[in-house]
Amino acid sequence: MQARFPILLGLSLLALAAVMLAGVLWGTASLTWGQRAAILTGSGEAPRGLSLIVWEWRIPRVLAMALIGAGLSLAGALMQTALRNPMADPYLMGLSSGASAAAVGAIIWLPASVTAVLGVPLMAFLGAGAAFAMTLGLSVRRGEALDPLVVVLSGVAISLMFQSLTAFFLYVGDPHATRSALGWLMGTGAGTEWQEVPMLAIGLLAAAAAAFVKAGDLDATLLGDERAEALGVDTGRLRLLIFFGTVILTGLAVSVAGIVGFIGLIVPHMARLLTGARHQRLLPLSMVLGAAILTAADLLCRILLAPEELPLGVLLALFAAPPFISILRGVRRAA
Amino acid sequence: MPLEPILEIRNLSVRAGGKTRVSDVSLSCQAGEILGLLGPNGAGKTTVLRTLYHAVRPSAGEIRLKGRLQQDWSRADWSRTLGALVQGSGLLTGLTPQDIVGIGLRPLGLARMDQQRRTEEALSLAGLTEKAEQNAESLSGGELQRCYFAQLLARDPEVYVLDEPTNHLDLHYQLVLLDEVKRRGRTALITLHDLPVAKRYCDRIAMMQSGTVSRSGAAADMLSGAVISSVYQVDAGFSGQAFSIEGPLLRPQPAQMLRSG
C-alpha cells in the first residue's frame, strides 16, 4: 500500500486537474473551441458576455467545489478517526441541521434587505457553530474525557431539534422562498463568487496543515483511546481539536454551497480502501479524491438538464448509495 | 544503601465515577526487576496501571519514574521511557500488523532503516512475519495481542507495563514474548491471573484486594498455598504449586535475530 501511494496520488491529481478543466470548458452555455481558447487566453476577440460566464461564474465555482470537496472529505476522515466509527460524517454533530435552520429561517423570514447585508452564508455558518456548541455542551462532563458515543447521541438530539425548526420554517414559508430554501438544502454550486474562494482556501489549508502535523497521533487514536494514551497522545485534546477543525471546514462549506451530503462519508472510505488508514497517506488522497468527485458531480448537475440545474444532493445520493451499502455490509461482517 | 527505584508509586489513590477504585497503594520497582501485580477481579490492578500511562488521573499520591515526578515529565518523554501493553479495541480497517508496530515507533523518531529493522524483528518474534501486510481486522484475538506485544517490543522502553499480557495467547507465545522481556533485562510491572506464569517471571509479587495492596514480597513467598487460598478464596490444595512451567522453551529460538537489550 505504501509503494502504491505516490502513483495513486499522482493519478488522482491528474483526474482532479482534468475535471476542473472540464468544469471550466463545459457548462450550461455551450461554447465553441475557438471561443474557449479566446476566453482562456484573454485575447480581445472573445465576446464579453461569454468571457464573463467563464471568468466570473465557472472558474470561481470550480475552485470552490474543489475546495469544498477536499474540505468535507478531510472533515469526514477526521471525524471517522475521532469517533472511531466508519459511519461518522462531518455533519454528525448537528452541524448541517443547525446551518439549515439558520439559513432557511433567513431565506424565508428575514426581509431581503437584511439577508443581503448579513448574508445567508454567514447565517448558516453561525447556525452550524451554534449547533456544535450545543452538542459539545451536552457532551462535556467536568473532569471526564469526551465520550465519543455521548457526542454522537448529543448530535442526534440537537439535529432533531433544529430539523423540526427547519420543517416549521418550510411549512409556513411562502412557496417561492421555500423553493429557494430547498435548493440550498440539497446543496448547489450555483452563485459561487470569487470572494468566497480565498476564505475556503485559507480554512482548508489551516485545517490540513494541523491534521498533517498530528498525523501520527491520529494513527494512534485508531488503535483505541487507552492504547493511544499509552503512546503519549492526549486523546481528549486531540478529539477537541478535530471537532473544531470539522466545524471550520464544514461551516465554510455549508455557508457557500448549502448541505453537500455523502462526500464526507464515502470519500474517506474509498481512500482507505486504496491506500490504507495511515493518515499521512489517507488524508491527502481523501482530499484530492473529494475535490475531484465533487467537481465532477457539480459539472454533471450543470449539463445533464441544461439549461436547468440539478441540486448536488440528487446526484450525490445516487452515487453514494452503492458504496454506502457495501460499507454497511463490511461493518456488519466485522461486528 | 539501596538503589533508588526506577519506578515508584507512593500512597496512590484513584477515585472514578464516585467510587474509590484504588486506595493508598505503594509499589516500587528496582531497575531490571519484574514485579507482578496479582489479585482477584476488580481488585484495582488495572486501575493502578492506567495511572501509569495517563488514562486515569490519581486523586492522591505520587508517581516517580527515574526519580522524577510524573507531572514533571512531558507526555512524549514519559511514554518513550515507560511503555504499556493495554486492553482496548480500535478501528483497525485499513491497518496491517506492520502499520500497528510502525504507529508505535513513530514517536521515537527513528531513521527509516532502523524503524524497518525493529518492525521486522518484533513481528518475527511474535510469529507474524507472514501476516505483516494482512488486514489487521482479519487477525484472531491472540494474533492481535501478539501484534500489540510486538509493538511494545519494537519500542523497547526502559519500563514495561503489561496489563494481562497473556490474554488470548497460547502457552507458546506466552513464554516466547515474556522470555524476551526478561532476556532484555528490562524493568516490568505486570498484572497476571496465571499463577505458574507469575512464578516463572516475577521477582516480587504484590497482592491486591479491594483496591489496596494486602501483602507483597518475594514471588516464592507470595505463591505459597496459604497466601493464595486467602487472597483468591480457594482451597489451599489448589494453589500455585499445582504445576509450574520451568526450564527453557522446547523449541529453540532464533536468538541471533533478537536485538540485544
Side-chain angles (χ1 to χ4, degrees), chain A residues 1-5 77 79-88 141 143-145 147-148 214-238 268-282 285-286 327 330-331 333-335, chain B residues 15-18 46 49-57 59 73-96 98-109 112 116 133-138 144 147-148 151-152 155 157 160-163:
Chain A
M1 297 218 185
Q2 222 162 344
R4 240 169 45 183
F5 174 69
M79 283 298 278
Q80 287 167 10
T81 298
L83 301 174
R84 270 196 304 280
N85 185 334
M87 304 301 260
R141 260 171 291 173
E144 279 181 48
D147 180 342
K214 293 281 179 195
D217 288 0
L218 291 167
D219 285 347
T221 305
L222 289 176
L223 306 181
D225 277 11
E226 297 264 309
R227 296 189 200 279
E229 300 274 350
L231 291 172
V233 178
D234 188 338
T235 53
R237 236 175 64 190
L238 183 67
H269 277 282
M270 293 172 52
R272 209 174 280 120
L273 273 179
L274 290 168
T275 194
R278 297 294 291 273
H279 288 80
Q280 226 177 348
R281 305 194 295 270
L282 173 68
L285 192 64
S286 291
I327 295 166
V331 170
R333 224 175 297 124
Chain B
R15 284 183 64 81
T46 298
L49 298 198
R50 292 181 79 213
T51 62
L52 294 177
Y53 53 85
H54 294 89
V56 63
R57 197 178 300 215
S59 46
W73 287 74
S74 74
R75 289 275 296 254
D77 283 339
W78 177 278
S79 65
R80 275 192 282 265
T81 310
L82 180 148
L85 177 67
V86 307
Q87 313 292 325
S89 61
L91 176 66
L92 301 182
T93 318
L95 291 178
T96 63
Q98 210 170 41
D99 285 328
I100 291 176
V101 175
I103 289 170
L105 288 176
R106 191 181 156 118
L108 304 185
R112 207 193 178 93
Q116 204 172 343
E133 298 196 39
Q134 263 184 27
N135 194 340
E137 275 184 318
S138 68
L144 204 55
C147 183
Y148 284 117
Q151 185 196 60
L152 185 61
R155 286 164 62 77
Y160 283 66
V161 168
L162 306 172
D163 190 13

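Here is how names work: the chains are called A, B, and so on, in the same order as the sequence lines, proteins then strands, and each is numbered from 1. Just so we're clear, the structure is a prediction, and the values are computed from it rather than from any experiment.
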>> So L223(A) and Y148(B), do their side chains get closer than 4.5 Å, heavy atoms only?
In response: yes
> Is the closest side-chain heavy-atom distance between Q280(A) and R106(B) below 4.5 Å?
Replying inline: yes
>> Taking salt bridge (Lys or Arg N to Asp or Glu O under 4.0 Å) as the cut-off, I'd like each qualifying pair that reaches into residues 80-94 of chain B, sequence neighbours left out, listed once.
In response: D77(B)-R80(B)
> R75(B) side chain to V233(A) main-chain N or O, any donor-acceptor pair under 3.5 Å?
Replying inline: yes
>> Between D234(A) and chain B, with a heavy-atom cut-off of 4.5 Å, which part of the residue counts as in contact: side chain, backbone, both or neither?
In response: both
> When only pairs under 4.5 Å are counted, which of Q80(A), E229(A), R84(A), E226(A) shares the most heavy-atom pairs with chain B?
Replying inline: E226(A)
> Where do G104(B) and L231(A) come nearest, in terms of heavy atoms and distance?
Replying inline: CA-CD2, 3.9 Å
> Just how far is it from atom CG of L95(B) to atom CG of D219(A), taken to the nearest 0.5 Å?
Replying inline: 7.0 Å
Could you list the donor-acceptor pairs under 3.5 angstrom formed by side chains in residues 84-92 of chain B, with sequence neighbours left out?
from: Q87(B); atom 1: OE1; to: N167(B); atom 2: ND2; distance (Å): 3.1
from: Q87(B); atom 1: NE2; to: D163(B); atom 2: O; distance (Å): 2.6

